[in-house]
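Only a predicted model underlies this, so the values are computations on that prediction, with no experimental measurement involved. By convention here, the first residue in the shown sequence is residue 1.
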Amino acid sequence: MRLPMLVLQVIVGLLTATPALAHHAFATEFDVNRPVVLKGKVTKLELINPHSWIHIAVIDENGKAVEWMIEGGSPNALVRRGVTKASIPIGSELTVRGYGTRDGSNKAVGRDVTFADGRALFLEATPPPDKSESP
């Protein structure tokens, strides 16, 4: 027995729409009222879809290294602007300005990155709801 064309179209539509549900908006994960400025050394760089991730070790007030994950823009967007894995070497000292998560975990969406020598990168991550506010 053949499925009516409408049923088949609905099934195909549902199957292809599922990956889109995994992507998030800024406000679902990050909080514009939790600006962060993090200083640390790069421990890992992931240029993976849908967002890139920079992992940095931030020294806390007790002198302990705490791992943070910084979300950046899509790898494609970053590469078009000249940002590659070679642009952010492991061990680089960075200052990251961005916004923390709603749940208080050690993750943030990065807005911009400054290297110890003053070079700057814009991470082009998910923008906050009101771009007029910055950390």
Side-chain angles (χ1 to χ4, degrees):
M1 179 176 192
R2 293 175 49 148
L3 290 174
M5 185 57 84
L6 180 59
V7 173
L8 185 59
Q9 287 173 336
V10 169
I11 292 170
V12 169
L14 289 172
L15 290 174
T16 59
T18 301
L21 297 175
H23 193 262
H24 60 86
F26 177 92
T28 59
E29 187 169 3
F30 302 104
D31 185 352
V32 72
N33 296 314
R34 287 200 65 228
V36 295
V37 177
L38 302 166
K39 294 181 182 187
K41 288 189 179 184
V42 177
T43 59
K44 184 177 179 181
L45 177 65
E46 298 176 283
L47 295 179
I48 56 174
N49 283 318
H51 298 283
S52 56
W53 290 95
I54 301 172
H55 299 252
I56 63 172
V58 176
I59 304 302
D60 69 10
E61 61 276 354
N62 298 321
K64 181 181 172 200
V66 177
E67 194 77 17
W68 277 78
M69 291 177 62
I70 310 301
E71 180 182 295
S74 74
N76 189 27
L78 294 178
V79 168
R80 281 187 303 215
R81 294 181 35 257
V83 178
T84 66
K85 282 193 172 194
S87 302
I88 309 172
I90 303 300
S92 298
E93 291 187 37
L94 305 177
T95 299
V96 178
R97 295 168 55 87
Y99 300 95
T101 58
R102 292 187 172 281
D103 67 6
S105 62
N106 291 348
K107 282 199 231 175
V109 63
R111 200 156 163 82
D112 55 66
V113 170
T114 305
F115 289 88
D117 65 6
R119 287 179 296 132
L121 291 175
F122 178 65
L123 290 179
E124 196 176 288
T126 308
D130 180 5
K131 287 187 176 185
S132 67
E133 292 190 39
S134 62

- Message: Are F115 and V36 connected into the same hydrophobic cluster when the rule is that any two of I, L, V, M, F, W, Y join if their side-chain heavy atoms are below 4.5 Å apart?
- Response: yes
- Report the distance from atom CE of M69 to atom CD1 of I54, rounding to the nearest 0.5 Å. 11.0 Å
- Check: R119 main-chain N/O paired with D117 side-chain donor or acceptor under 3.5 Å: yes
- Is there a chain of hydrophobic side chains (I, L, V, M, F, W, Y, each step under 4.5 Å between heavy atoms) that links V58 to V113? yes
- Query: Side chains of E71 and K107: does their closest heavy-atom pair fall under 4.5 Å?
  - Reply: no
- Message: Show every salt bridge (Lys or Arg N to Asp or Glu O under 4.0 Å) that has at least one partner inside residues 33-56, sequence neighbours left out.
- Response: K44-E46
- Closest non-hydrogen atom pair, D31 against Y99: O-CB, 3.7 Å
- Is there a donor in the side chain of N76 and an acceptor in the side chain of S74, or the other way round, less than 3.5 Å apart? no
- Can you tell me how far the CD1 atom of I90 sits from the OG1 atom of T43, to the nearest 0.5 Å? 6.5 Å
- Of all the heavy-atom pairs spanning V96 and G110, show the shortest one and how long it is. CG1-CA, 4.2 Å
- Message: On a heavy-atom basis, which atom in V32 and which in P35 lie closest, and how many Å separate them?
- Response: O-CD, 3.9 Å
- Query: Do P89 and V42 have side chains that get closer than 4.5 Å, going by heavy atoms?
  - Reply: no
- What are the two closest heavy atoms between P75 and P50, and how far apart are they? CD-O, 4.3 Å
- When rounded to the nearest 0.5 angstrom, what is the spacing between CZ in R81 and OG in S87? 10.0 Å
- Item | Residues in side chain to side chain contact (heavy atoms under 4.5 Å, CB included) contact with V66, at least two apart in sequence or another chain | D60, W68, N106
- Query: Mind checking whether R111 and F122 have side chains closer than 4.5 Å, heavy atoms only?
  - Reply: yes
- Query: Once you round to the nearest 0.5 Å, how far does NZ of K85 lie from CG of L78?
  - Reply: 12.5 Å
- Residue pair L121 / I88, side-chain heavy-atom distance below 4.5 Å: yes
- Task: To the nearest 0.5 angstrom, please state how far the CG atom of D112 sits from the CG atom of L94.
- Result: 11.0 Å
